[in-house]
Amino acid sequence: MVIEKNLSIAHAWFEAFNSHNLEKLISLYDEDAQHFSPKLKIRHPETNGLVTGKDALRNWWEDAFERLPSLHYKVTSLTANSDRVFMEYLRIVDQEENMLVAEVLEIKEGLIVASRVYHG
């Protein structure tokens, strides 16, 4: 049951992300959630790639959606257990080469408490 719930959170995550529905995306996260991304580290070196809290997440994705209006992800694989979902997807942006990405969502009590992005 928990595994299915975690998979449904991942599906909701992709739906919100691909529709650029920032508030729906943020609602999937715990207030103090942490997010790590190599792209974040490049664009905002002072963060060392890590942001904490919904406001920081909102700022990060709002900037991405504004800069990259064609940004979307195509799921290639989802694997879940009782406390996390491992997601593989293609990052697709017009006029950029597609990028294979892996991301782990750590989930507690139905909310994402941490996410980590890995580029392949």
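Quick caveat: nothing in here was measured; it's all calculated off a predicted structure.
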Report task. Check whether any side-chain heavy atom of Lys24 lies under 4.5 Å from a side-chain heavy atom of Glu15, and answer yes or no. Result -> yes

Requested in this report: Answer whether the closest heavy-atom distance between the side chains of Phe65 and Leu22 falls below 4.5 Å.
Outcome: yes

Requested in this report: Side-chain contact test, heavy atoms from C-beta onward, threshold under 4.5 Å: evaluate it for Arg116 versus His35 and give yes or no.
Outcome: no

Requested in this report: Look at atom CD of Glu46 and say whether more than 12 heavy atoms of other residues, nucleotides or ligands are closer to it than 6.0 Å.
Outcome: yes

**Report entry** 4.5 Å side-chain heavy-atom contact, Met99 and Val101
**Finding:** yes

Report task. Using the test ring pair (Phe, Tyr, Trp, His ring centres under 6.0 Å), find all partners of His72 that sit at least two apart in sequence or belong to another chain. Result -> none

Query raised in the report: Between Asp63 and Arg43, does at least one N-O distance fall below 4.0 Å, as a salt bridge requires?
Result: yes

Query raised in the report: Closest heavy-atom contact between Leu25 and Ala16?
Result: N-CB, 3.6 Å

Query - Check against ring pair (Phe, Tyr, Trp, His ring centres under 6.0 Å), Phe17 and Trp13 - result: CA-CA 6 Å; Phe17 195 95; Trp13 188 93; 5.3 Å; yes

Requested in this report: Answer with yes or no whether the hydrophobic clustering places Leu71 together with Leu100; edges join I, L, V, M, F, W, Y residues whose side-chain heavy atoms lie under 4.5 Å apart.
Outcome: no

Report summary line: Heavy-atom closest pair (Ser82 atom, Ile3 atom, distance to 0.1 Å) is N-CG1, 4.0 Å

**Report entry** Donor-acceptor contact present, side-chain Asn98 to main-chain Leu90, <3.5 Å
**Finding:** no

Query raised in the report: Does any non-hydrogen side-chain atom of Asp83 lie less than 4.5 Å from one of Ile107?
Result: no

Report task. Check whether any side-chain N or O of Glu62 sits under 3.5 Å from a backbone N or O of Asn59 as a donor-acceptor pair, and report yes or no. Result -> no

Query raised in the report: Do Lys41 and Asn48 come close enough that some side-chain heavy atom pair is under 4.5 Å?
Result: yes

Report task. Under the ring pair (Phe, Tyr, Trp, His ring centres under 6.0 Å) rule, collect the residues that match up with Phe36, sequence neighbours excluded. Result -> none

**Report entry** NZ (Lys74) with more than 12 external heavy atoms under 6.0 Å
**Finding:** no

**Report entry** Single-linkage hydrophobic cluster, 4.5 Å side-chain cutoff, Leu78 and Ile112 together
**Finding:** yes

Query - Which atom of Glu96 lies closest to which atom of Leu68, heavy atoms considered - result: OE2-CD2, 3.9 Å

Requested in this report: Just jot down the ring pair (Phe, Tyr, Trp, His ring centres under 6.0 Å) partners of Phe86, sequence neighbours excluded, or say none.
Outcome: none

Requested in this report: Please lay out, stage by stage, how Arg84 and Leu105 fare under the test side chain to side chain contact (heavy atoms under 4.5 Å, CB included).
Outcome: CA-CA 5 Å; Arg84 67 191 61 191; Leu105 304 178; 6.0 Å; no

Query raised in the report: Distance only, no hydrogens: is a donor on one side chain within 3.5 Å (strictly under) of an acceptor on the other, for Tyr89 and Arg91?
Result: no

Report task. Would you sort out whether Tyr29 and Leu111 count as a side chain to side chain contact (heavy atoms under 4.5 Å, CB included), showing the intermediate values? Result -> CA-CA 5 Å; Tyr29 284 80; Leu111 292 173; over 6 Å; no

Query raised in the report: Do Ser115 and Glu106 have side-chain heavy atoms sitting under 4.5 Å apart?
Result: no

Query raised in the report: Transitively linked via ILVMFWY side-chain contacts under 4.5 Å: Leu50 with Ile26?
Result: no

Query raised in the report: Given side chains that start at C-beta, do those of Val104 and Val85 come closer than 4.5 Å, heavy atoms only?
Result: no

Report summary line: Heavy-atom nearest pair, Ala10 first then Met87, reads CB-SD, 4.0 Å

Query raised in the report: Quick one: does Thr76's side chain have a donor or acceptor within less than 3.5 Å of a partner on Glu88's backbone?
Result: yes

Query raised in the report: Going only through I, L, V, M, F, W and Y residues with side-chain contacts under 4.5 Å, is there a path from Ile9 to Val113?
Result: no

Query raised in the report: What closest approach, in Å, do Val117 and Pro38 show between heavy atoms, and which atom pair accounts for it?
Result: O-CD, 3.3 Å

Requested in this report: Before giving the answer on side chain to side chain contact (heavy atoms under 4.5 Å, CB included), spell out for Ile92 and Tyr73 the whole-Å C-alpha distance, their side-chain angles and the decisive distance to 0.1 Å.
Outcome: CA-CA 6 Å; Ile92 302 169; Tyr73 296 151; over 6 Å; no

Report summary line: Rounding to 0.5 Å, atoms NZ (Lys5) and CD (Glu109) come to a distance of 12.5 Å

Report task. Step through the shown structure and confirm whether more than 12 heavy atoms of other residues, nucleotides or ligands are within 6.0 Å of CD on Glu23. Result -> yes

